[in-house]
Structure formats: structure tokens, C-alpha cells
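What follows is a set of notes on a single structure, which appears directly below.
Quantities reported herein were computed from a predicted structural model and do not represent experimental measurements. A, B, ... follow the sequence lines: proteins, then strands. Residue 1 opens every chain.
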There are 2 protein chains.
Amino acid sequence: MATEHLKLENQLCFPVYAVSRLITRAYQPFLDELGITYPQYLALLVLWEKDNVTVNDIRQKLVLNTNTVTPLLKRLETMGLIRRSKSTQDERKVLVELTPEGRALESRAATIPERLVGSLSTTDLSVDEWMDLKAKLDRVLTSLGSQQNPTDLGLD
Amino acid sequence: MATEHLKLENQLCFPVYAVSRLITRAYQPFLDELGITYPQYLALLVLWEKDNVTVNDIRQKLVLNTNTVTPLLKRLETMGLIRRSKSTQDERKVLVELTPEGRALESRAATIPERLVGSLSTTDLSVDEWMDLKAKLDRVLTSLGSQQNPTDLGLD
DNA sequence: ACTATTTAAATCGCGTGCGATATAATTTTC
DNA sequence: GAAAATTATATCGCACGCGATTTAAATAGT
């Protein structure tokens, strides 16, 4: 019983951890062209989809803590890709909006997904298998992620 | 076509990244009891399975770079859990061995997998689904990981 | 109204994670 | 067998990622 559990977890959790880093590495050459990191890319994905959101909106979508998001956004602001400003309705909230430069980056990033699939093609998983993998991970994400914030987590 | 790719990758890569961090968070309360971090736990897993290996052995098993492993091992050494010493055969190599304290930690860690499964039980994935998830991730890990080192990656 | 609680961001400290580079020991090449 | 290439590890700098704490603003409780 305990042995079975032990085997299960040793085999599962490490691959998630390792694959996550390998995927980030796969993105790197494409993101280097834009001068941004993978977490910065994720934050921009959120903003490209819906501009003018709060720090907390981004934090929840990416399942990150404030102390990770705040410095990340400051770097994006220093790069001139976003602007941060206090909300006038609620002065605790900080609104994040894309600059023209940040918006312009979207079209330059448009080819990344396509090229990334090329990098991942050596895995020889079929599209169906990838979809199934994503479906299972989404279920884990929803149940584990909702323990911290019951909000919608979708990046789709 | 390009749109299909875009949807596929936006939906897949982020869940891997988020789930990886959520799993690390799930380990944290158990690892806190031992005073170690998740990457340190992984390094110890390698050593508990096979003692007296080189830095490179650990680096390859964990799919990490030297500049991550070296400081990590130094911290484990400072904690008194391992010892590092130059190989006499090849003085470039550094051999890593468990101290009695490091070896004693294994039995204290023995209940972690079981308890972790409890933390993950809210995901309501069946054992078969977990196994399938792991199988797919292992295929990704093998093909992506082998681009950097053709060695065996198994932690099992 | 006024204090207590909650909420939104920010700050601090520390441990990864990695690109780039350095250093030293071994192996290869000619 | 000496120079060149390779291998094993370490060092440096920077960007996360997060626990813990802080600050300020809004809301709740009385």
C-alpha cells in the first residue's frame, strides 16, 4: 500500500518538474528574439487577451504570488512594454496596461506557438495525446489551484 | 493551421508550468518538517538510491545545470547531510556521499509520498489516469531531455 | 463615528535555475 | 610528448518563486 504510493509519486512529480523546465528552455530561443523571459511572456499573454487589468488579475491567472508578479511587472515597465497606475476607484489596486510597444510585440510573438510545436515535435506525441495530457493537467491545475483562489484560471 | 498550433501550445505549456509549482507547494509542509526544499529532496532521493556518486550523476538525473546543483549540494553539505570530496582517480570529479545524518533522514522522509497522495487526492484523477499522465510526461522528458544528455533519466 | 478586519500591493530574504565565463584536470591529436 | 580540445566543476549575475512581514486603503462590526 505505502509502497505503491511511494512508487506513484516518485514517478509522477519529478517528470512534471523536469518537463516544465525543459519546455521553458524550448521557448527560450524564440523569447530571446523579443528580449523577454517565459514568465514575462505569460504575463503579456494575459494582457494581450485583456488589457488594463489589476496586478491581482494577473497573479490569479498565472497562479503566482504578489511577490513574484510585482517585480516582474516592474521589469516589463522598465522595458517600456507596460504602464502601471493606481486605480482611481480603489486606490489599493494597481492597473496594468500595455504601451504601444507592448502591444506591438504581440504580432512579433505570433509565430512562437507554431515554431515551438516544431521544437516539441521530437516527442512524437500525437495531437490527441497532447490534448489528453493537457486535459489531465488542467484537472490537476483546477483542483490544486482552486485551493488558493476559487477564481477562473483559464489562459485560453 | 497556425491558429490550431497557437491554441494547442497556449493550452498545454502553461498547465505544465503551473502544476509543477503547485506540486512543489504540496510537498512543502512535509519537507518543512525535514528542513529541506523540493530540489534538495530530489537530490537526496538520488543519493538514497545510490550513494557516492559524482556531481555530474546528480546533475543528469535531475536534468539540471551545474550552476544549480553545485550551490544546492553546498547547502546540503553545510546542513551536514552530505560530504563532498575530490575523486582520487579523476581529480576533476567531485564525489558526493551521505553523512549518517543524511542517511537517517531517509526513514523520516519515508511517509512523505503517502501523505502527498493525500494532498493530491482532491484532483480526483484515478490511479490509472495518473499513470497515463506520468507515461506521457516521461515520453516528453525522454525526448526533450535527451537533446542535452543521452543518459538514463529515470528516478524510479 | 470609530475601531477592527480584510484586501491589494509592495518589500525583504533566501533558494533555485540558467547563460556566460573561468579554472583545472584529462584526453586527443599531431 | 607538447599543444589543442574536451570534460568536470565552480563562479558570477540576473530573473524568478515564495514565506513572512509591512503599508495603505477599503469594508465590517459595534
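- The interatomic distance linking A:Gln89 (CD) with C:dA9 (P) rounds to 13 Å, in whole Å.
- Contact annotation: B:Thr37 side-chain N/O to C:dT16 OP1/OP2 distance is under 4.0 Å.
- Taking atom CZ of residue A:Arg25 and atom P of nucleotide C:dG19, one finds them 7 Å apart after rounding to whole Å.
- Atom-to-atom, CG of A:Asn65 to P of C:dG13 comes out at 18 Å; the value is rounded to the nearest Å.
- Side chain of A:Arg21 to backbone of B:Val63: a donor-acceptor contact under 3.5 angstrom is found.
- With DNA chain C read from its 5' end, the first of the two nearest nucleotides for B:Arg75 and A:Pro71 is the one closest to A:Pro71.
- A 6.0 Å sphere centred on NZ of B:Lys136 holds more than 12 heavy atoms belonging to other residues, nucleotides or ligands.
- Taking the charged nitrogens against the carboxylate oxygens, B:Glu97 and B:Arg103 have no contact shorter than 4.0 Å, which rules out a salt bridge.
- Note that the first and last nucleotides of DNA chain D, 5' to 3', having any atom under 4.0 angstrom from a heavy atom of chain A are D:dA15 to D:dA26.
- In terms of phosphate contacts, A:Arg59 brings no side-chain nitrogen or oxygen within less than 4.0 Å of OP1 or OP2 of C:dA9.
- Ranked by how close their nearest DNA chain C nucleotide is to the 5' end, A:Asn56 and A:Arg21 are led by A:Asn56.
- A:Thr99 contributes a side-chain N or O that, together with a main-chain N or O of A:Gly80, makes up a donor-acceptor pair within less than 3.5 Å.
- Distance CG/B:Leu116 to CD1/B:Ile23: 7.5 Å, rounded to 0.5 Å.
- For A:Asp32 and C:dC18, the CG to P distance is 14 Å, given to the nearest whole Å.
- Remark: the backbone N or O of A:Glu33 is paired with a side-chain donor or acceptor of A:Arg108 at under 3.5 angstrom.
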Return a single string for nucleotides 20-25 of chain C, one symbol per nucleotide in 5' to 3' order, where B is base contact, S is sugar-phosphate-only contact and - is none, cutoff 4.0 angstrom on heavy atoms.
B----B
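- Within the nucleic acid shown, B:Thr24 has no heavy atom closer than 4.0 Å to any nucleic acid atom.
- Contact between the side-chain N/O atoms of B:Tyr38 and the OP1/OP2 oxygens of C:dG15 is not found at any separation under 4.0 Å.
- A straight line from CG of B:Leu62 to C1' of C:dG17 spans 12 Å, rounded to a whole angstrom.
- In this structure, B:Gln28 places its CD atom 12 Å from C1' of C:dT16, rounding to the nearest Å.
- Atoms CE (B:Met79) and P (C:dG15) sit 7 Å apart, rounded to a whole Å.
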Could you check A:Asp57 against A:Thr54 for side chain to side chain donor-acceptor pair (under 3.5 Å), going step by step and ending with a plain yes or no?
CA-CA 5 Å; A:Asp57 290 331; A:Thr54 66; 3.2 Å; yes
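- For the OP1/OP2 pair of C:dA9 and a distance below 4.0 Å, the side-chain nitrogens and oxygens of A:Thr66 include no atom meeting the criterion.
- Legend: residues meeting side chain to side chain contact (heavy atoms under 4.5 Å, CB included) with A:Gln28, ordered by chain and number and at least two apart, are A:Asp32.
- Between the side chain of A:Glu129 and the main chain of A:Ser126, a donor-acceptor pair closer than 3.5 Å is present.
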